[in-house]
Novice: 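Next up is a structure, given as structure tokens.
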Amino acid sequence: MSAPPWTIVARDDDGAVLVTVDGRGAEQARRRVALAELPSALGDDVRPVWNDTAQWYPALLDAGMTLARCRDLRLSHAILRDSALVDAPPLRAATAWDAGPSTVSGAPSPALFELDELAPGIPDRVDEVLAEFARQQAAVDGSRDPGRLRLLLAAESAGALVAAELHAAGVPWDRGVHEAILTDVLGGRPGPGSHAPRAEELATRIRELLGDPQASLDSQPKLLRALHRVGVLASSTSRWELAEHDHPVVAPLLEYKRLTRLESANGWNWLDEWAGGGRFRPVYVPGGVVTGRWASSGGGALQLPRQLRPAVRADEGWLLVVADVAQLEPRVLAAMSGDLALADAARGTDLYQGIVASGVVGTRQEAKIAVLGAMYGGTTGDSGRLVPALRRAYPRAMALVDEAARVGEEGGVVSTWLGRSAPPPPASWHRVQQRAADPDADDADRARAVRAARDRGRFTRNFVVQGTAAEWALAWLADLRGRLAALPVVPEDRRAPLSGVALGGRAHLAFFLHDEIVLHAPEEQAELAAQAVRDAADAATRLLFGTFPVDFPLDLRISRDAGKALLE
DNA sequence: AATACAAGCGCG
DNA sequence: AAAGCGCGCTTGTATT
């Protein structure tokens with residue numbers, strides 16, 4: 001199987017320029033095409049190299065085209081600029097390629113083909129794009145581990161394709177189910193200037209218990225003062241702190257907060273704005289998190305309350321394949337540290353139970369607290385008490401995160417398995433450290449420096465694990481979309497109503513959140529799609545960790561909706 | 001009136 | 001029950 005050619009895709013004053021190049025960026029052929037001709041001019045077996053997937057791919061999707069792979073230079077630049085695998089990189093100087101993420105617009109339209117629709121900042125002229133590609137290829141070729149970086153850039157770029165496809169396809173969203181949940185919990189839609197009926201009833205009771213019929217419950221300072229007046233001496237109005245006080249007002253107040261949260265964050269207004277048309281189309285931002293995780297923008301895609309998952313509901317004649325990886329991060333840690341004992345504990349479907357079975361700690365809950373403490377840098381409470389047991393049982397795994405923390409505390413740089421490095425600490429961090437080292441420094445200066453160092457250490461400790469887990473997930477997605485593209489297209493009358501989008505004819509990705517995915521699949525393809533999900537997970541594990549004996553078991557189910565209830 | 005910030009809470 | 005990491009969004013308040 002030969003790799004497809006690289007094709008630089010860039011703009012000129014009234015169209016696109018396509019340049020076929022070799023792996024070093026040397027030009028082999030060039031042609032100009034009108035933007036409207038781009039889908040047919042590109043064809044299927046091509047690997048575009050472009051400045052920014054979010055600027056090009058939505059229009060191709062609109063035209064009914066999908067791509068197998070690409071190279072996103074903006075995302076790749078960010079990786080190579082910071083990667084510790086790249087020596088003295090010419091990419092480190094600040095340039096227009098450092099532009100922040102542009103996002104796929106919420107209003108896909110032919111306007112995306114128009115020249116003035118470009119987000120400002122990211123270079124798009126052919127000379128600049130060619131030059132950047134050549135710089136990046138040279139940086140990879142001259143790096144300490146070209147193989148890993150090529151994998152990472154390919155995965156990151158495939159992720160950019162997935163993000164655009166996810167937005168185009170959307171999550172099938174059942175308005176009726178969502179409204180039924182809201183009505184059941186809140187009692188009905190709130191009128192202007194008031195809360196929903198159940199929240200208002202609670203508010204009345206709470207004000208009685210506070211002895212103040214005018215008490216404001218939505219203003220933290222006012223609520224806190226009212227609580228103090230009845231003897232609840234909390235220092236904040238946060239849920240966990242209120243729960244520690246034994247007073248009749250606490251329970252209804254916590255319930256009130258729960259209801260008003262649902263109402264404001266994912267109530268009827270959210271439904272109208274984001275999912276009214278039967279699809280929720282979050283804007284995904286690949287590479288939006290320093291660790292390499294995706295961020296999102298608009299609609300709160302990363303915060304969909306589990307309570308509302310039943311509203312994710314397949315179209316008639318379609319099914320959802322819902323899959324998530326159990327304890328992805330500790331499994332990744334076992335693999336990257338080569339810790340056979342931890343990998344052994346991870347052998348079954350429940351890593352925490354495996355740790356208990358090895359006699360490291362007594363209960364599953366303790367195992368969970370210990371593992372999270374190990375990866376997050378917990379030092380106090382149960383976490384601080386339990387982590388040492390983990391350090392004895394899994395010295396290699398713990399050495400990896402402990403070393404990452406040590407390097408971070410000293411201001412150094414850490415990297416993920418494939419070579420994404422944490423940005424170096426900012427100048428302000430170094431100033432704090434220097435001030436503490438000054439002979440005139442006082443205790444406060446030194447305390448501030450220690451705190452900043454520890455904060456940095458917890459960040460780098462977690463970075464290596466969270467970032468490598470993100471790489472596994474990207475590899476999973478990238479492999480999966482290739483498998484899905486090989487499924488047959490169903491007959492016209494069986495397709496999902498995705499106007500102008502090539503994805504509606506077969507099983508496609510509909511949602512992604514760090515370690516879980518939802519596929520939307522024609523009924524007759526659901527089993528095949530589910531097997532593709534499993535096979536892709538295995539392929540991702542082999543791609544990253546070769547033959548190292550670690551499992552990444554999936555919790556997978558096929559059902560009409562994404563609610564957990566149908567599972568049991 | 002517009003903008004910035006902090007608190008609080010949803011997700012992994 | 002949070003803790004220890006990473007996010008986005010809404011609300012109320014403070015600032016300009």
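Quick caveat, the model's predicted, so the values are computed rather than measured. Chain identifiers are assigned alphabetically (A, B, ...) following the order of the sequence lines, protein sequences preceding nucleic acid strands; residue numbering begins at 1 within each chain.
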Novice: Considering only heavy atoms, which members of residues 233-261 of chain A lie under 4.0 Å from some atom of DNA chain B?
Specialist: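 Here the set is S236(A), T237(A), S238(A), R239(A), K257(A), R261(A).
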Novice: Could you tell me whether G384(A) contacts a base, only the sugar-phosphate backbone, or nothing, with contacts defined as non-hydrogen atoms closer than 4.0 Å?
Specialist: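 No contact.
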Novice: Give one of base, sugar-phosphate or nothing for L304(A), where a contact means two heavy atoms less than 4.0 Å apart.
Specialist: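 It contacts sugar-phosphate atoms only.
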Novice: Let me know the distance between CG of L302(A) and C1' of dC11(B), rounded to the nearest Å.
Specialist: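 It is 7 Å, rounded to the nearest whole Å.
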Novice: Find the distance between OG (S238(A)) and CG (L224(A)) and round it off to the nearest 0.5 Å.
Specialist: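 The distance works out to 10.0 Å.
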Novice: Within this structure, what is the CG-to-C1' distance between N269(A) and dT11(C), rounded to whole angstrom?
Specialist: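 One finds 14 Å between C1' of dT11(C) and CG of N269(A), rounded.
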Novice: Give S383(A) one of three labels, base, sugar-phosphate or nothing, depending on what nucleic acid heavy atoms sit under 4.0 Å from its own.
Specialist: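 The residue S383(A) makes base contact.
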Novice: Determine: side-chain N/O of S219(A) to OP1/OP2 of dT13(C), distance under 4.0 Å, yes or no.
Specialist: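 Looking at the OP1 and OP2 atoms of dT13(C), one of them is under 4.0 Å from a side-chain N or O of S219(A).
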Novice: Tell me: CZ of R385(A) to C1' of dA1(C), nearest whole Å?
Specialist: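 In whole Å, dA1(C) C1' and R385(A) CZ are 14 Å from each other.
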Novice: In this structure, how many angstroms lie between the C1' atom of dA2(C) and the CD1 atom of I369(A), rounded?
Specialist: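 I369(A) atom CD1 is separated from dA2(C) atom C1' by 9 Å.
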Novice: Calculate, to the nearest 0.5 Å, the distance between atoms CD1 and CD belonging to I355(A) and E366(A) respectively.
Specialist: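 Answer for the CD1-CD pair, I355(A) versus E366(A), is 11.5 Å.
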Novice: Judged by modelled atom types alone, do T237(A) and Q220(A) share a side-chain donor-acceptor pair under 3.5 Å?
Specialist: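 No - no donor-acceptor pair under 3.5 Å links their side chains.
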Novice: Taking the six-membered ring of W417(A) (Phe, Tyr or Trp), confirm whether the NZ or CZ of R148(A) is under 6.0 Å from its centre and within 45° of its axis.
Specialist: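 Positive - R148(A) is close enough to the ring of W417(A) and near enough to its axis.
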Novice: So does Q303(A) reach the base of dG8(C) with its side chain, donor to acceptor, closer than 3.5 Å?
Specialist: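 Counting by modelled atom types and ignoring angles, a donor-acceptor contact under 3.5 Å is found here.
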Novice: Report yes if the distance between the aromatic ring centroids of Y256(A) and H195(A) is under 6.0 Å, otherwise no.
Specialist: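 Centroid distance Y256(A)-H195(A): below 6.0 Å, so yes.
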Novice: For Q365(A) and dA1(C), give me the distance from atom CD to atom C1', rounded to whole Å.
Specialist: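 For the pair Q365(A) CD and dA1(C) C1', the rounded distance is 10 Å.
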Novice: What are the two closest non-hydrogen atoms of V290(A) and P423(A), and how far apart are they?
Specialist: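 Reported closest heavy-atom pair: CG1-CG, 4.0 Å.
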Novice: Distance check, rounded to the nearest 0.5 Å: R207(A) atom CZ versus L217(A) atom CG?
Specialist: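 Spacing of CZ (R207(A)) from CG (L217(A)) equals 4.5 Å.
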Novice: Sequence neighbours left out, what passes side-chain contact (heavy atoms from CB on, under 4.5 Å) with A530(A)? Give chain and number order.
Specialist: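 Counting only residues at least two positions away or on another chain, A530(A) forms a side-chain contact (heavy atoms from CB on, under 4.5 Å) with V321(A), R534(A), L556(A), I558(A).
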Novice: Is DNA chain C part of any stem, that is, at least 3 consecutive Watson-Crick or G-U pairs with both distances under 3.5 Å, and where?
Specialist: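 Stem list for DNA chain C: B:1-12 with C:5-16.
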Novice: Given 3.5 Å as the limit, does a donor-acceptor pair link the side chain of R364(A) with the main chain of Y352(A), or not?
Specialist: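 Looks like no, no N/O pair under 3.5 Å.
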Novice: Any idea which of dA7(B), dC11(B), dT13(C) is nearest the L513(A) side chain?
Specialist: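 The nucleotide sitting nearest to the side chain is dC11(B).
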Novice: Starting from C1' on dG4(C), measure out to CG on N462(A) and report it in whole angstrom.
Specialist: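 Checked: the CG to C1' distance equals 9 Å.
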Novice: Given that G377(A) and K222(A) both sit by DNA chain C, which one's nearest nucleotide is further toward the 5' end?
Specialist: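 Its nearest nucleotide lies further toward 5', so the answer is G377(A).
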Novice: Need the glycosidic conformation of dG8(B): syn if within 90° of 0, anti if not. Which one?
Specialist: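 Anti for dG8(B); the angle lies over 90° from 0.
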Novice: Atom CE of M375(A) to atom C1' of dG6(C): distance rounded to whole Å?
Specialist: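 Checked: the CE to C1' distance equals 12 Å.
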Novice: Once you apply a heavy-atom cut-off of 4.0 Å, does V465(A) come out as touching a base, just sugar-phosphate, or nothing?
Specialist: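 No contact at all - V465(A) keeps every heavy atom at 4.0 Å or more from the nucleic acid.
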Novice: Classify the nucleic acid contact of E516(A) as base, sugar-phosphate or nothing, counting any heavy atom under 4.0 Å across all strands shown.
Specialist: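 Sugar-phosphate contact only.
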Novice: Which heavy atom of M336(A) sits nearest to which heavy atom of V464(A), and what is that distance?
Specialist: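 Closest heavy-atom pair between M336(A) and V464(A): CE-O, 3.6 Å.
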Novice: M398(A) CE to dG4(C) C1': how many Å, rounded?
Specialist: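 The distance from CE of M398(A) to C1' of dG4(C) comes to 12 Å, rounded to the nearest Å.
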Novice: Of the candidate nucleotides dG12(C), dG10(B), dC5(C), which contains the atom at the shortest distance from the side chain of D218(A)?
Specialist: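 The answer is dG12(C).
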Novice: For the side chain of S264(A), counting heavy atoms from C-beta on, which of dT11(C), dT13(C), dG6(C) is nearest?
Specialist: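 So the side chain of S264(A) is nearest to dT11(C).
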Novice: Report the nucleotide, chosen from dA1(C), dC11(B), dC7(C), that has the shortest atom-to-atom distance to any side-chain atom of D382(A).
Specialist: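 Among the listed nucleotides, the one closest to the side chain of D382(A) is dA1(C).
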Novice: Just checking G288(A): base, sugar-phosphate only, or nothing, at a heavy-atom cut-off of under 4.0 Å?
Specialist: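 If one applies the 4.0 Å heavy-atom cut-off, G288(A) turns out to touch nothing in the nucleic acid.
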Novice: I need the R420(A) CZ to L85(A) CG distance, nearest 0.5 Å.
Specialist: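 Interatomic distance, R420(A) CZ to L85(A) CG, rounded to 0.5 Å: 12.0 Å.
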Novice: Pick the closest DNA chain C nucleotide for G381(A) and for R293(A) by heavy atoms, then say which residue is nearer the 5' end.
Specialist: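 Here G381(A) is the residue nearer the 5' end.
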